[in-house]
2 protein chains.
Amino acid sequence: MEENKHVTIYDIAERLNLATSTISRALKDHHTISDKTIKKVKKTAEEMGFVPNTLAAGLRGNKTRTIGVLIPTVTQPFLSSLISGIEITAQKSDYTVIIMQSHDSYEEEVNMAKSLYSNRVSGVICSLAMETRDTAHFNQFSNNNIPLVFVDRVPKGYNTFRVVIDNYTAGYKATKHLIEQGCIRIAHFTAGSELGNLYNERKRGYIEALKDHNIEVEEELIINLNSVTYEDGVKASNHLFDLKPIPDGLFAPGDILAVSAVQTAKKRGVKVPEEFKVIGFNNDPISQIIDPNLSTITHPAEKMGKAAAEIIIKNLKSSKNDDAKEITFLNTEVLARESTQK
Amino acid sequence: MEENKHVTIYDIAERLNLATSTISRALKDHHTISDKTIKKVKKTAEEMGFVPNTLAAGLRGNKTRTIGVLIPTVTQPFLSSLISGIEITAQKSDYTVIIMQSHDSYEEEVNMAKSLYSNRVSGVICSLAMETRDTAHFNQFSNNNIPLVFVDRVPKGYNTFRVVIDNYTAGYKATKHLIEQGCIRIAHFTAGSELGNLYNERKRGYIEALKDHNIEVEEELIINLNSVTYEDGVKASNHLFDLKPIPDGLFAPGDILAVSAVQTAKKRGVKVPEEFKVIGFNNDPISQIIDPNLSTITHPAEKMGKAAAEIIIKNLKSSKNDDAKEITFLNTEVLARESTQK
DNA sequence: TATTTTTACACAACCGATTGCAATTATTGT
DNA sequence: ACAATAATTGCAATCGGTTGTGTAAAAATA
């Protein structure tokens with residue numbers, strides 16, 4: 001149990017009779033240091049087990065090479081894939097990732113944002129909490145020139161980078177797919193959230209698709225959920241199956257909801273897809289597990305993570321204060337599987 | 001677009017005509033500072049939008065209140081729940097969590113460990129990569145008195161904290177359950193990994209359970225997988241169903257594998273659970289989605305995360321150099337669902 | 001009132017890497 | 001051989017909190 005104190009560049013400097021500045025430069029191949037010295041320093045550093053202190057460097061240079069990620073939770077497949085993408089890209093450029101969960105709480109999001117700022121992250125990637133209604137807590141980043149990228153659940157009217165899918169089009173595609181499979185009375189689950197209102201967009205797509213195909217929009221078939229959970233999905237599904245006649249299709253803006261509908265249908269003796277076709281959203285793992293396999297809309301989580309991280313890194317490199325905070329749209333596709341088969 | 005420079009305690013000190021030391025102490029309610037001053041300082045800090053620089057504090061105090069988490073991936077349900085548990089506990093005690101993924105690669109694990117050390121994390125929670133065969137890269141933590149907790153996939157013969165389940169007993173229970181449900185020829189999938197060999201333990205439990213119930217252990221029914229993936233599960237399952245007669249039960253040490261077996265069974269016309277009963281492991285979300293619902297063994301991911309984080313935090317508080325690195329065993333249970341019904 | 005004890009705050013070093021600038025040494029040209 | 005230039009390396013300040021120690025003022029005690 002030896003108490004190795006951390007080895008610093010001072011230790012190396014002493015050993016080699018050089019200045020710390022020389023060590024510092026040698027370690028990063030600065031051109032003013034001779035090759036001989038560089039080799040010597042690196043060798044000694046290696047021998048002594050030197051590991052640079054990120055804090056010191058970060059404090060001095062005011063850059064930490066750290067990307068803060070602020071998301072509702074890590075346990076949703078979409079979000080953990082998002083993280084994965086961020087992390088892979090970050091790792092390539094030698095960035096570290098700090099992850100914080102808001103648990104969809106506004107208060108926690110505010111605290112976490114402050115904590116990220118406190119840690120002087122170089123950039124921030126965020127997907128908004130459900131509860132969040134204003135974005136003042138993100139000003140500390142914008143004001144200090146810390147690149148900020150919102151992903152998926154993004155605020156309106158806030159000038160930052162955004163990486164999203166076109167939820168309107170996706171909703172349209174999903175609904176159109178159901179129509180093409182023969183549905184004429186299509187139900188829809190939705191959920192209200194003002195800021196990161198991707199459900200509204202999907203709903204808009206749903207409605208437009210119906211209109212374009214001359215199908216009447218029935219308010220009774222659009223069910224507003226309190227939360228996007230399995231339980232609420234079951235409730236809503238039961239409600240649908242209580243109707244007479246029941247609808248013949250459902251566009252659920254999430255695979256969990258879709259699965260809850262399929263399972264509720266089974267319980268109530270409704271045959272999927274014969275009597276009731278379902279399309280979900282996200283292409284979560286469960287969509288391929290459930291029987292019948294769930295048709296769904298792809299949601300390129302990992303790609304979105306990569307894109308977001310790349311924006312941060314690129315922005316940090318150029319460091320020019322682009323005022324143009326572009327929006328990156330990633331593509332989505334219909335995955336036609338068993339649950340919407342004719 | 002105002003360029004607010006970060007507000008520091010120097011700024012506050014100047015404004016109030018006080019020393020930075022006073023500011024620093026006032027902000028943390030040091031007893032040598034008068035209440036009046038404390039209030040004044042806090043108010044001003046608030047007004048000026050002061051956010052402490054974690055780096056500076058960490059550098060000086062050599063403690064960052066950061067917990068490093070080093071795991072194979074964040075996308076497995078077990079691991080993302082583990083993170084969730086860690087994060088919840090950390091947040092309560094005002095710790096930050098840094099997450100890094102090894103992607104089951106030894107090399108990456110070594111790099112990530114170095115990076116965590118470089119970030120001077122206060123503690124480390126790790127679940128080993130599949131590839132990892134030695135633990136030398138963790139010595140930097142032990143040697144420097146940085147608490148290290150291994151979770152789930154833990155190394156043998158390395159004196160650190162460990163939070164695990166009793167894989168042997170869990171394997172025994174799972175197998176016993178199958179026997180109780182009437183199985184007499186029980187197959188088992190396993191996977192080889194030397195260091196964090198939880199599969200070996202589960203297998204050991206499987207074998208002992210068979211022996212205790214006077215059932216012959218047939219090598220032919222124990223299949224060694226290269227990886228714990230859906231694809232390899234399908235292969236192995238097909239292999240089982242090629243046997244004559246086919247086994248009547250399977251203990252799969254992971255729900256993905258179990259699901260792959262159930263789905264392969266369906267494809268090949270084998271009825272689950274009538275002809276073939278299956279029990280999985282982990283209680284992943286998919287276990288409740290698949291039809292028939294999968295019997296499984298609970299794996300208290302979030303609890304394990306919490307336990308691990310608590311160990312770190314407790315250890316950091318007492319800071320006494322406990323040589324006793326206890327092992328925390330968490331409980332597992334059989335969840336009997338449809339896939340093993342008589 | 002004089003003296004001791006508290007109370008409240010200031011001073012300054014410190015953590016470890018970075019970097020502008022000065023200084024030294026080596027190299028080149030004439 | 002000597003100035004001029006280039007190549008190396010050293011010096012010292014800096015980032016922003018933290019903390020041991022010193023000190024002046026206020027309060028308590030004699």
So what does [X] touch, heavy atoms closer than 4.0 Å: a base, only the sugar-phosphate, or nothing?
| X | result |
| --- | --- |
| A:Lys28 | sugar-phosphate |
| B:Asp11 | nothing |
| A:Asp35 | nothing |
| B:Thr54 | nothing |
| B:Asn62 | nothing |

N/O (side chain, B:Ser21) to phosphate O (OP1/OP2, D:dG17) under 4.0 Å: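 Looking at the OP1 and OP2 atoms of D:dG17, neither is under 4.0 Å from any side-chain N or O of B:Ser21.
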
Are A:Ser34 and D:dA7 close enough that a side-chain N or O sits under 4.0 Å from OP1 or OP2?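 For D:dA7, OP1/OP2 do not have a side-chain N/O of A:Ser34 under 4.0 Å.
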
Taking the side chain of [X] as its heavy atoms from C-beta onward, which of [options] lies nearest to it?
| X | options | value |
| --- | --- | --- |
| A:Arg60 | C:dC9, C:dT19, D:dT19 | C:dT19 |
| A:Thr20 | C:dC15, D:dA12, D:dG17 | D:dA12 |
| B:Thr37 | D:dG17, D:dT8, C:dC9 | C:dC9 |
| A:Leu59 | C:dA8, D:dG17, C:dG16 | C:dG16 |
| B:Ile9 | D:dT18, C:dA17, C:dT19 | D:dT18 |
| B:Lys63 | D:dG17, D:dT9, D:dT19 | D:dT19 |
| B:Ala19 | C:dA17, D:dT9, C:dA10 | C:dA10 |
| B:Ile33 | C:dA17, C:dC9, D:dT19 | C:dC9 |

Calculate the interatomic distance between [X] atom [atom1] and [N] atom [atom2]; express it in whole Å.
| X | N | atom1 | atom2 | answer |
| --- | --- | --- | --- | --- |
| A:Leu18 | D:dT8 | CG | P | 14 Å |
| B:Leu27 | C:dA8 | CG | C1' | 16 Å |
| B:Asn119 | C:dG16 | CG | P | 15 Å |
| B:Leu16 | C:dA10 | CG | C1' | 15 Å |
| B:His30 | C:dT7 | NE2 | C1' | 13 Å |
| A:His6 | C:dC15 | NE2 | P | 12 Å |
| A:Tyr10 | D:dG10 | OH | P | 14 Å |
| B:Ile23 | D:dT19 | CD1 | P | 16 Å |

Taking atom types as they are modelled, would you say the side chain of A:Arg25 forms a donor-acceptor pair with the base of C:dG20 within the 3.5 Å cutoff?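 By the distance-only test, yes, there is a pair.
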
Between the base of C:dC15 and the side chain of A:Thr8, is there a donor and acceptor pair under 3.5 angstrom?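 For A:Thr8, whose side chain was compared with the base of C:dC15, there is no donor-acceptor pair (under 3.5 Å).
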
Note: B:Glu46-B:Lys42 ion pair, threshold 4.0 Å (strictly below):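 A salt bridge is absent here (no side-chain N lies under 4.0 Å from a carboxylate O).
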
With the threshold set at 4.0 Å, does a side-chain nitrogen-carboxylate oxygen contact exist between B:Lys306 and B:Glu310?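 B:Glu310 and B:Lys306: not salt-bridged.
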
A cation-pi test, strictly: NZ or CZ of A:Arg65 under 6.0 Å from the centre of the six-membered ring of A:Tyr95 and no more than 45 degrees from its axis. Yes or no?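 Yes, A:Arg65 and A:Tyr95 form such a contact.
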
Could you check whether the rings of A:Tyr117 and B:His6 sit parallel, tilted or perpendicular, using 30° and 60° as the cut-offs?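 The arrangement is tilted - the two ring planes meet at 30° to 60°.
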
If you count the non-hydrogen atoms of other residues, nucleotides and ligands that lie under 6.0 Å from CD in B:Glu14, is the total more than 12?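 Result for CD/B:Glu14: open.
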
NZ of B:Lys40: more than 12 outside heavy atoms within 6.0 angstrom?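 Yes, enclosed.
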
